[in-house]
Chemist: 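Sharing a structure here in structure tokens format.
Side chains are part of it too, since the values below use all heavy atoms of this structure and drop only hydrogens, waters and symmetry mates. In what follows, chains carry the letters A, B, and so on, assigned in the order in which the sequence lines appear, proteins first and then strands, with residues in each chain numbered from 1.
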There are 2 protein chains.
Amino acid sequence: MSTKSSPRAPQRSRIAPPNRRERASDLRAAGASAAPTFKPIHTRRTFEEICERIREQLALGVLKPGDKLPAERELAQQLGVSRNVLREALRSLEMAGVLRLQKGVKGGAFIQQGDTRRMNEVMRDMLSLGTISVRELSEARVHVLDLVVQLACANARRADLDALEANIERTELATKEGRLLDRVECSREFYKLLAASTGNKVIAMIVDSVTEIHMRFVYAKVASSGVAMARLAEKRRQFLAALSERDVALASRLLRSHLESVQRMLEQDPGAMSLHVALADVQPGMRR
Amino acid sequence: MSTKSSPRAPQRSRIAPPNRRERASDLRAAGASAAPTFKPIHTRRTFEEICERIREQLALGVLKPGDKLPAERELAQQLGVSRNVLREALRSLEMAGVLRLQKGVKGGAFIQQGDTRRMNEVMRDMLSLGTISVRELSEARVHVLDLVVQLACANARRADLDALEANIERTELATKEGRLLDRVECSREFYKLLAASTGNKVIAMIVDSVTEIHMRFVYAKVASSGVAMARLAEKRRQFLAALSERDVALASRLLRSHLESVQRMLEQDPGAMSLHVALADVQPGMRR
DNA sequence: TCCATTGAATGGGTGATCCATTTAATAATT
DNA sequence: AATTATTAAATGGATCACCCATTCAATGGA
């Protein structure tokens with residue numbers, strides 16, 4: 001009613017989303033000691049409420065992977081919100097890897113198995129936004145991989161080692177045939193397999209997230225310069241042998257020195273190593 | 001009208017989002033060897049396109065934290081999409097911590113400084129969905145913290161140590177006054193400070209993400225049983241002393257043994273340690 | 001000078017409507 | 001009887017046209 005308050009039904013008379021506007025009760029001390037600041041409320045919006053409710057059902061185990069949510073039209077009515085705003089919530093959850101939306105009759109919103117690649121995207125966003133630096137990422141990767149070697153030596157199974165072996169064979173083949181970019185893909189896969197061989201999916205997720213970005217740089221470097229790591233497969237074999245022998249010290253040393261030489265390669269011609277070119281586009285093997 | 005195809009303009013004659021339907025080129029071997037599967041395309045939707053474009057601008061450095069996107073109505077027109085679908089995209093980016101939407105004239109969509117808490121939510125979702133287990137998380141946390149101790153010994157600065165000292169004082173106070181739940185908040189903060197003292201935000205982010213969940217369990221345990229770790233502040237002091245002396249071995253040993261005793265505490269009365277109760281609600285100190 | 005009022009810009013939200021895809025049921029054809 | 005088109009319904013995808021609530025600069029009166 002900016003001008004004349006036209007005599008029109010207020011149309012806001014629906015079911016009234018449970019706790020929507022009455023939000024004064026939301027201030028809470030939140031800290032361990034006296035907290036004199038009173039800022040961070042920023043009124044709850046319906047889509048947030050919806051996301052939270054669905055996540056809550058999930059955490060409570062009421063919703064499990066494979067389950068289907070009611071159809072948009074129906075769920076919107078149940079929640080007493082418009083279909084549009086419900087979709088905003090569903091979209092967010094879909095982007096978060098929690099849901100998958102499927103069209104057609106028998107379609108709907110299905111709870112997904114968690115997608116560990118979500119963490120890669122977080123890492124990528126943090127880098128894009130300048131919250132973390134490439135240096136920090138590389139450094140963290142070195143440390144984390146060191147940890148991975150320890151765990152892999154302790155926990156890797158026969159099947160894990162076999163998978164690594166097979167990967168090295170593909171690397172050799174790609175080298176022979178001069179498919180340098182494919183070889184980068186092999187490297188990506190190598191670290192993924194190595195991470196998996198720790199037997200801990202949390203660790204694996206972390207490793208993947210820092211490696212994914214790193215590999216973008218390697219990919220960009222190889223693609224632009226044509227140079228590539230010498231004796232790669234051979235080094236991998238030595239490393240795998242150490243791993244198979246459960247020789248932490250040796251495996252750790254080998255990997256570390258390899259990482260250092262890769263780092264040197266990347267740091268040649270530093271101008272070309274733009275953060276932006278490496279992050280800008282989706283590259284092979286990184287499909288969402 | 002569902003039956004007879006009324007003679008109406010098809011209304012789909014807008015600018016036509018650049019590469020929307022022509023996605024046949026999207027099949028690609030993606031792996032290092034033959035890939036006979038042809039599944040994973042699932043037609044690109046406009047909101048995904050929009051998200052990707054904005055992220056691209058971000059990665060390219062065209063958009064930086066602090067920048068403001070055009071108003072919804074205008075941006076929608078520029079992109080040739082409806083405002084609603086644009087909002088779905090903005091919502092997703094907001095949930096991802098990339099944007100913040102602000103109301104009012106002079107409001108708009110502002111690029112944010114990256115929010116490192118995003119990773120916590122990923123971890124939480126993975127746990128809710130059963131992709132990772134509590135055991136894996138605890139295990140990973142122990143290993144990662146071990147790494148953190150090494151890095152903190154090497155890199156912690158005076159200010160970091162002072163912050164930890166101040167935290168311990170708060171812990172003591174809370175202990176004296178019997179505020180057990182506040183003390184849990186202190187613990188959360190302690191690990192956050194410890195993580196920060198490594199000087200590496202990637203590591204810090206990782207530590208925070210595994211610690212946040214862990215602390216929910218501790219919180220739930222303390223809240224329900226009233227029991228709490230004995231001699232906590234004292235142990236913290238010993239640890240901090242070791243850290244200040246840059247004594248990796250000692251600090252590492254102290255932390256490890258503390259983590260083990262906490263773990264034992266949590267594992268008493270295992271039935272009560274439901275994943276669901278710990279994850280279900282937002283607890284103090286975890287406000288988004 | 002100071003404070004209340006106004007009004008425009010902006011995000012938040014609604015409801016109706018249409019399109020495109022998918023699937024099951026049905027009818028037509030062989 | 002088996003196969004193949006056709007039809008119809010359900011569902012997500014998307015659009016349009018509004019309205020509401022908040023914010024803030026400009027305006028104007030005390």
Chemist: Rounding to an integer number of Å, can you tell me how far A/Glu74 CD sits from D/dA10 P?
Modeler: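 For the pair A/Glu74 CD and D/dA10 P, the rounded distance is 12 Å.
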Chemist: Within a reach of under 6.0 Å around NZ of A/Lys68, are more than 12 heavy atoms found that belong to other residues, nucleotides or ligands?
Modeler: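 Yes, NZ of A/Lys68 has more than 12 neighbouring heavy atoms, counting only those of other groups under 6.0 Å.
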Chemist: Using atom CG of B/Leu75 as one end and atom C1' of C/dT10 as the other, report the distance to the nearest whole Å.
Modeler: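 Distance, rounded to whole Å: 13 Å.
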Chemist: Using the side-chain heavy atoms of B/Glu72, tell me which of these nucleotides is nearest: D/dT11, C/dG12, D/dA25.
Modeler: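 That would be C/dG12.
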Chemist: So, does the side chain of A/Arg44 form a donor-acceptor pair with the base of C/dG12 at under 3.5 Å?
Modeler: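 Answer no: no donor N or O sits under 3.5 Å from an acceptor.
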Chemist: Note down the inter-axis angle between the two ends of the helix from C/dT1-D/dA30 to C/dT30-D/dA1, five pairs each, to the nearest 10°.
Modeler: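 Computed angle between terminal axes is 10°.
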Chemist: Any Lys/Arg nitrogen of B/Arg44 or B/Glu52 sitting under 4.0 Å from an Asp/Glu carboxylate oxygen of the other?
Modeler: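 Looking at B/Glu52 together with B/Arg44, the answer is yes, because their closest N to O distance falls below 4.0 Å.
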Chemist: Charged N to carboxylate O below 4.0 Å: is that the case for B/Glu212 and B/Arg216?
Modeler: yes
Chemist: Whether B/Glu121 and B/Arg118 form a salt bridge (side-chain N of Lys/Arg under 4.0 Å from carboxylate O of Asp/Glu) is what I want to check.
Modeler: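 Judged by the 4.0 Å cut-off on N to carboxylate O distance, B/Arg118 and B/Glu121 do form a salt bridge.
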Chemist: Starting from C1' on C/dG13, measure out to CG on B/Asn84 and report it in whole angstrom.
Modeler: 9 Å
Chemist: Between D/dG13 and A/Arg87, is there an OP1 or OP2 to side-chain N/O distance shorter than 4.0 Å?
Modeler: yes
Chemist: Rounded to the nearest Å, what distance is computed from the CD atom of residue A/Gln77 to the C1' atom of nucleotide D/dT11?
Modeler: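 Between C1' of D/dT11 and CD of A/Gln77: 16 Å.
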Chemist: Report the nucleotide, chosen from C/dG12, C/dT22, D/dA14, that has the shortest atom-to-atom distance to any side-chain atom of B/Thr46.
Modeler: D/dA14
Chemist: If you assign A/Val105 and A/Val85 each to the DNA chain C nucleotide with the nearest heavy atom, which residue ends up on the more 5' nucleotide?
Modeler: A/Val85
Chemist: Applying side-chain contact (heavy atoms from CB on, under 4.5 Å), name anything that partners B/Asn167, two or more places apart in sequence or on another chain.
Modeler: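 By the side-chain contact (heavy atoms from CB on, under 4.5 Å) rule, B/Asn167 matches B/Arg170, B/Thr171, B/Cys186, B/Glu189, B/Phe190, B/Leu193.
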Chemist: If you take atom types as modelled and just measure distance, does the side chain of A/Arg91 reach the base of D/dG13 with a donor-acceptor pair under 3.5 Å?
Modeler: no
Chemist: Quick one: A/Lys103 NZ to D/dA9 P, roughly how many Å, whole number?
Modeler: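 These atoms are roughly 20 Å apart.
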Chemist: Using whole Å, what does the distance between atom C1' of nucleotide D/dG12 and atom CD of A/Gln102 come to?
Modeler: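 Computing the A/Gln102:CD to D/dG12:C1' distance gives 10 Å.
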Chemist: Taking salt bridge (Lys or Arg N to Asp or Glu O under 4.0 Å) as the test, write out the residues that go with A/Lys64, two or more places apart.
Modeler: A/Asp67
Chemist: Specify the separation, in whole Å, of atom CG of A/Leu86 and atom P of D/dT11.
Modeler: 13 Å
Chemist: Considering only C/dG13, D/dG13, D/dT15, which nucleotide approaches the side chain of A/Ser82 most closely?
Modeler: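 Among the listed nucleotides, the one closest to the side chain of A/Ser82 is C/dG13.
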Chemist: Among the candidates D/dG13, D/dC18, D/dT15, find the nucleotide nearest to the side-chain atoms of B/Arg45.
Modeler: D/dG13
Chemist: B/Leu90 CG to D/dA14 P: how many Å, rounded?
Modeler: 15 Å
Chemist: Counting only distance, no hydrogens or angles, is the base of D/dG12 paired donor-acceptor with the side chain of A/Arg73 under 3.5 Å?
Modeler: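 Indeed there is one.
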Chemist: Answer yes or no: is there an ion pair linking A/Lys192 with A/Asp208, defined by an N-O contact shorter than 4.0 Å?
Modeler: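 Answer for the salt bridge query: yes.
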